[in-house]
Each structure stands twice: as structure tokens, then as C-alpha cells.
Amino acid sequence: MSLKSILNADLHCHSVVSDGTLTPEALAERAKTNGVELWALTDHDEIGGQHRAAAAAKAQGMHYLTGTEISVTFAGVTVHIVGLGFDADDAGMQQGLQNTRSGRGQRAHEMAEGLAKVGIKGAYEGALKFVGNPALISRTHFARFLVESGVCRDTSEVFRKYLTEGKPGYVPHRWASLRDAVTWITQAKGVAVIAHPGRYKFTPNEEYALFTEFKAHGGQAVEVVTGSHTPQEYVKYAETAKEFGLAASRGSDFHSPDESHTDLGTLPYLPGELTPVWELLADRIQ
Ligand code: AMP
Ligand code: MN
Ligand code: MN
Ligand code: MN
């Protein structure tokens, strides 16, 4: 396989192992149907789906990189760091992710208490019905319950009205540190990637600090073309990648056929002048 010939890589999506609605096998089939040549499943804070995803990619005749999306607290804000091409059996990575996941149960109970105060009862049990992996109960599962019970029309309305800072179901949470997340990934032979930087709404100074510290810890790539960016942000973060000497990644962030506006493998290709992250991972591709 020539790495140079790969254009349709999709290196960011979620399965029922975190907050997606499809199994790893169904995602692999969908990716293949949409023309994806190189795929990674990147469940939040969890690598329990990696062996299934790699096997499903192989069955579909697609190349595969291991993946995860780690929740990090940086400057008081939740930032996501994608890991690609790491050893899925690495003990340090597994322990770090387990620690990151561990607060989710308590947080979910507190979210339900906040929602109960504004008259939405039974949200914990309701969210649990949508959960594929109890260790990974997330805001997305609460959002699905609030849509099902008719409180909101769609999940973005739920986030806007109930699940973001200052809203009744929002509970501040301390995730992993940037240093730890990048270190777990790189020590497991993977590459760390800043996920969808356009989503954080940092000031230029804060964003500069994020990229500088990320690089200092050993981070090597940034998502440029993602379902979370506008076309203007593709251009902006292509410039940022060059400025910081980072490779570029591409991923839909697909969660569900009913909720996601960007399907697997359908985004524009990476700008030609950037180094695709998979060129750093040639010997990690399965
Ligand atoms: P959590 O890790 O529990 O805080 O949940 C974060 C997840 O919520 C993200 O990975 C997205 O899947 C989802 N999410 C965050 N913001 C929004 C939004 N505005 N609309 C829809 N989904 C969102
Ligand atoms: Mn998600
Ligand atoms: Mn994310
Ligand atoms: Mn994601």
C-alpha cells in the first residue's frame, strides 16, 4: 500500500462503546460503503472496541489505525485529544483511560439531580437506557433521553438549554491533564492529535498556549478537516498546523445516522500542502 495514495481517511468517530449509536462492525461497513480507505474508531476515554473495530476493518478490506478521544481539562475548559496508532494492549494507556472514566457515574447522578430541580424526573434511569457501556455514560445519552421524552426536539436543543455551562443539567468536571493524555498516547507508540480546535472558543492567547504546551508534551498533529469545523476553519487550522509544525488529521466525528450532519468519509480531503498524520504512523497501520 502506498500511503501517499490514501485520501479518504476517516480518523474520528464513535460507536456504542461510547456515545455513538452503531456497533464497531456497522461503522466499518458504513465507512467502507462511503469509500473510506483508512479508518479509526475513536470512542471517548475508552479502547474496549479496538480489537472488534480492527477485525471489522480487516473483514471490509480497509486499513485501520487504533483510536480514542481523551477528555482533558486545559485552562478550565474541556479539550479533546485524539490518540491514533497506539498499542491497544498498553497497560499505561488502559489504566489512564480507566481513571479518566471513573468520575462519570457520580457526575451522571449529579446531572440528573440538576435536571430534577427543573422538573425533569428520572433522567439518570432514562439516560441509562441509551447507554451501551455503563462506564461511559455521557451527556449525549441524557440528550437522547430528553429528546425521546419530548422535552426537546433534537439533541442540539438539549445541549443548548440543559447540558452546557450554566444550564440545569451541567456539572463541571475535572478530566485528565493535557500532559497525561499526550504521554499515555505517545508511550503506547501512538500519535496525539488536538481534536476540533475550532470548537473551544479560546482567545488567541489561550489557543497559542494549548498548541505550545501540546507540542512541548510530545503532541504531533491537529485535526484540520473535521465535521466540527467550517470551511473557513479548515483554512485557519491548516495555517496553524504549518505554524506549529504539526501533521494534519481528518475525521467526521460521526456518532449516529439520526444525529450527525457529517457522515463517515464524506468531508473534503486534507489540503495538499499538509503532512497527513498517517504518514507518521506508517508502521502502525493494520
Ligand atoms: P461528555 O463527554 O459526557 O461531556 O459528552 C460530550 C459529548 O456530547 C460530545 O462528545 C458530543 O458527542 C456531545 N455534544 C457536545 N456538545 C454538543 C452539542 N452542542 N450538540 C450535540 N452534541 C454535543
Ligand atoms: Mn461524543
Ligand atoms: Mn470531541
Ligand atoms: Mn468525537
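Start at 1 and go down the list; that is how both ligands and their atoms are numbered. Scope of the values below: all heavy atoms of this structure, side chains included, with no hydrogens, waters or symmetry mates.
Atom OD2 is the N, O or S atom of Asp19 at the shortest distance from the Mn ion (ligand 2). His80 contributes atom ND1 as its closest N/O/S atom to the Mn ion (ligand 3).
Rounding to the nearest 10°, we obtain 100° for the angle at the Mn ion (ligand 3) between His196 NE2 and Glu69 OE2. Taking the Mn ion (ligand 4) as the apex, the angle formed with OD1 of Asp253 and NE2 of His14 is 90°, to the nearest 10 degrees.
Checking His44 against the Mn ion (ligand 4), every N/O/S atom stays at or beyond the 2.8 Å cut-off. Among the backbone and side-chain atoms of His12, an N, O or S atom lies under 2.8 Å from the Mn ion (ligand 4).
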### Task
Any chance you could lay out the side-chain hydrogen bond (donor to acceptor under 3.5 Å, both in side chains) test for Gln98 and Gln94, step after step, and finish with the verdict?
CA-CA 6 Å; Gln98 190 179 320; Gln94 288 179 344; over 6 Å; no
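With 3.5 Å as the limit, one finds a donor-acceptor pair spanning the side chains of His14 and Glu69. A donor atom on one side chain and an acceptor atom on the other are not found under 3.5 Å apart for Asp253 and Thr226. When only modelled atom types and interatomic distance are considered, Asn205 and Thr203 share no side-chain donor-acceptor pair under 3.5 Å.
Counting only distance, with no hydrogens or angles, the side chain of Lys167 and the backbone of Phe159 share no donor-acceptor pair below 3.5 Å.
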